[in-house]
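Accompanying notes for the structure given below.
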2 protein chains.
Amino acid sequence: MKALPPVRILSACDRCEVRRKSICNAVKPVLQKEISRISRVRTFEAGNTILAEAEDSVFLGIVMSGILRVQRTMADGRQQIVGLLLPADFFGRVFERTSGVAVEAATDVTLCCFERHAFERLLSRSPELEHQMFLAVLRELDAARDWMLLLGSQTIPERVASFFLILHRRTTVIEPDMPSRKRRLSVHVPISRHDMAAYLGTTVETISRVIQDMSRRGIIEIHSPQHFGILDEKRLVRCSGREELSIGHRCLADEPHMAVG
Amino acid sequence: MKALPPVRILSACDRCEVRRKSICNAVKPVLQKEISRISRVRTFEAGNTILAEAEDSVFLGIVMSGILRVQRTMADGRQQIVGLLLPADFFGRVFERTSGVAVEAATDVTLCCFERHAFERLLSRSPELEHQMFLAVLRELDAARDWMLLLGSQTIPERVASFFLILHRRTTVIEPDMPSRKRRLSVHVPISRHDMAAYLGTTVETISRVIQDMSRRGIIEIHSPQHFGILDEKRLVRCSGREELSIGHRCLADEPHMAVG
DNA sequence: CGGGCGTTTGAAGGATGTCAATGATAGTGG
DNA sequence: CCACTATCATTGACATCCTTCAAACGCCCG
């Protein structure tokens, strides 16, 4: 008679929604267990600061739900969002005391957190984990470069159109169970106009004008300030000034990415 | 009687000027030898393309002398330089067939090249080398984020002032043997106005106007189109809109960095 | 000397930021 | 349930920064 399989204790990780998309999925089970052991789930309300710009960052982790903004602030108060982190993305800066960027909750968020030093010890013991982190940072760098093109060479209407298209593709990846017809036509902007402006390097007023204008021209329709329909995708792509295929490149659309925050 | 030390054959690496600043310096001698074995020195004239945007990148390597520009081009021809690579910097994208960015010689350059697959094999066999690459990419990402702040939130005069200050600090690191007095006061811009414009996200005309204006106001003096003196560093810093200490951050000024090109 | 390239300078128009006011929405307390 | 407030989004008028187009200038090299 065969022995019964050992009783399996469900850890928090077994119920983790983003596990299969995050860095956890890319490493061996034994390592997953070690990660699990040093992890702790925390929640923050929208607007809270997770890691401040100057302050020592004592922890890092993975976004489970909600959205983080990674941003830098200038002496006179101007802010630039240098990255948005969606579920499954990694936040925090390994191998550095302070990150030089702030990480804040753009919406209510649930995070899977690790104490930085414990995670770094794990990294130095596991080349496999470090390799996965390396790949994630490489993709993140690709995305950052893509965004530099957007900020340096595109007009504001082009930036808004690009942003919509990237969000649309990214949402398609994140929520593949949504009816495809609805997915095809709708864009949900999960952040405020203020954050959108800080991300696109412009102001809320200009954003608003551009969106209203695209709506008047029949390219999109406005369901609510955060929900839009795409009426003419071809034209939206043309507005973005990009080739369809290069939108979001490897990174923003296809893969979870990582922030040095 | 003690045996004589073994005769030491000088490889190209032993004479390498940038070795102690590059990734080679950070790995063990035995690994350096392996790297040396797969390396090959190549030269390119200014304007030549090292890696094209769409094309498979078959090699990567380290800048020995000269300057590379890492850039993306839009469908209509607009170009954005997303990184400048100085001696000791790494170029090329590991673990990806194509990089999505072009790497071109901004000046005549000498490169230490590796065939990509051979280098990747070395990487997968050596966690130590991969760790060093990882650190370099993290620094590069920090620099990219810094540049996103510049492109997204700073005015053109601020960008020019920031660029001068970064160049000044970087030059100080690169050429520490120059008399300190001369170093303190001079900035050498090693690239054309056209490249400067593509890097700062503006046009040659605007760059020219801003520089002439800074000269008229007594902040800098123009020795030649590529050589400048800093007359009033305090004011130049104020023009840049940044805190002195954060200019160039960790990355652009203090450490060789790495491009995904 | 002349052609070509890179840089500078000038004039004019357009895109975007700024300031101010209005409109919409949600949460709060009476 | 309804004002009331606070916050966010939109709209308008205006100023300005920056790009664009054009031309002149300087310089290197054939």
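Here the structure is a predicted model, which is why all the values come from computation and not from measurement.
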Practice problem: Looking only at side-chain atoms of Pro157(B), point me to the closest of dC18(D), dT9(C), dT11(D). | Solution: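 The nucleotide sitting nearest to the side chain is dC18(D).
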Practice problem: From the options dC18(D), dT8(C), dT10(D), select the nucleotide whose nearest atom is closest to the side chain of Ile156(B). | Solution: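 So the nucleotide nearest the side chain must be dC18(D).
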Which whole-number value in Å describes the distance from [X] [atom1] to [N] [atom2]?
X	N	atom1	atom2	result
Leu200(B)	dC18(D)	CG	C1'	14 Å
Ile191(B)	dT7(C)	CD1	P	10 Å
Arg159(B)	dC18(D)	CZ	C1'	10 Å
Gln154(A)	dT19(D)	CD	P	15 Å
Arg209(A)	dC14(D)	CZ	P	13 Å
Arg193(A)	dA24(C)	CZ	P	15 Å
His194(B)	dT7(C)	NE2	P	10 Å
Ile222(A)	dT25(C)	CD1	P	13 Å

Practice problem: Under 4.0 Å between any heavy atoms, over every strand shown, what does Ile207(A) touch: base, sugar-phosphate, or nothing? Just pick one. | Solution: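 Nothing, no heavy atom under 4.0 Å.
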Practice problem: Would you indicate what Glu205(B) reaches in the nucleic acid, counting non-hydrogen atoms under 4.0 angstrom: base, sugar-phosphate, or nothing? | Solution: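 The residue Glu205(B) makes base contact.
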Quiz item: So do Val204(B) and Ser192(B) actually touch side chain to side chain, heavy atoms under 4.5 Å?
Solution: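 No; the side chains remain at least 4.5 Å from each other.
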Quiz item: For dT19(D), does OP1 or OP2 lie under 4.0 Å from any side-chain N or O of Thr206(B)?
Solution: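 It does, given that an N or O in the side chain of Thr206(B) lies less than 4.0 Å from OP1 or OP2 of dT19(D).
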Exercise. Please check the phosphate of dT19(D) (OP1 and OP2 only) for any side-chain N or O of Thr202(B) closer than 4.0 Å.
Key: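 Yes, such a contact exists.
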Quiz prompt | Passing candidate, side-chain contact (heavy atoms from CB on, under 4.5 Å) with Phe44(A), options Leu111(A), Thr49(A), Leu68(A) | solution =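 So the option named by the test is Leu111(A).
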Practice problem: Please check if atom CD in Glu17(A) has more than 12 non-hydrogen atoms from other residues, nucleotides or ligands closer than 6.0 Å. | Solution: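 Not more than 12 within 6.0 Å, no.
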Quiz item: Any idea how Phe228(A) and Phe164(A) line up, ring-wise: parallel (<30°), tilted (30 to 60°), or perpendicular (>60°)?
Solution: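 Aromatic pair Phe228(A)/Phe164(A) classed tilted.
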Self-check item: Stacked cation flag Arg40(B) on Phe59(B), 6.0 angstrom / 45 deg
Solution: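 No; the conditions do not both hold, so Arg40(B) does not lie above the ring face of Phe59(B).
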